[in-house]
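Index from 1, following the sequence. All values reported here derive from a predicted model rather than from experimental measurement. We count ligands from 1, going down the list as the structure has it; atoms in each ligand are counted the same way.
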Amino acid sequence: MAIRKNVEPGGGAALAPEQSRVKPPPMYKVLLLNDDFTPMDFVVIVLEKFFSLSREQSTQVMLKVHREGKGACGVYPQDVAATKVQQVSEYSRRHQHPLACVMEED
Ligand code: TYC
């Protein structure tokens, strides 16, 4: 079989890619909100289970939320963030805790 050089259609050399005119998709922060009823241990479990944080990282985030009223668990594309919010809300409801989880544009 003949060997063919991999050239651009039209025979010209490859040009530098045109500068992209599309914005990257927005990212979303997932936040936990403090309340007076959800046990600290449960919040730590949620952070480990749904946000893949270590026990130490989860404890730090939980304490930040407890002291400051809210705290970020992670930053994700919109569909992933929305799924995390749903999963945490459903899990908390199932365990009869009022833990609130929301998302906001980063
Ligand atoms: N404030 C809760 C308590 O004292 C603990 C808590 C932390 C609750 C973080 C919610 O997102 C939260 N048991």
Look at the side-chain heavy atoms of Ile, Leu, Val, Met, Phe, Trp and Tyr, link any pair under 4.5 Å apart, and say whether Val102 and Leu53 land in one connected group.
->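 Each belongs to a different hydrophobic cluster.
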Give the atom numbers and elements of ligand 1 that come within less than 4.0 Å of a heavy atom of [X].
X     : answer
Val65 : 9 (C), 11 (O), 12 (C)
Leu33 : 10 (C), 11 (O), 12 (C)
Leu99 : 10 (C), 11 (O), 12 (C)

Ring center gap for Tyr91 and Phe42 short of 6.0 angstrom |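 Yes, close enough.
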Please answer whether the main-chain N or O of His97 pairs with a side-chain N or O of Ser92 as donor and acceptor at a distance below 3.5 Å.
->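 Checking the backbone N and O of His97 against the side chain of Ser92, no donor-acceptor pair under 3.5 Å is found.
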May I ask you to decide if Phe50's main-chain N or O and Lys84's side chain share a donor-acceptor pair within less than 3.5 Å?
->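 Flag set: sc Lys84 to bb Phe50 pair under 3.5 Å.
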In the protein, which heavy atom is nearest to [atom], and how far is it?
atom                   : answer
atom 2 (C) of ligand 1 : Asp35 O, 3.2 Å
atom 4 (O) of ligand 1 : His66 CE1, 3.1 Å
atom 6 (C) of ligand 1 : Asn34 OD1, 3.4 Å

Side-chain heavy-atom pair Ser54, Glu48 within 4.5 angstrom cut-off |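 They are not in contact (no side-chain heavy atoms under 4.5 Å apart), so the answer is no.
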N/O of Thr38 under 3.5 Å from N/O of ligand 1, yes or no?
->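 There is such a contact, yes.
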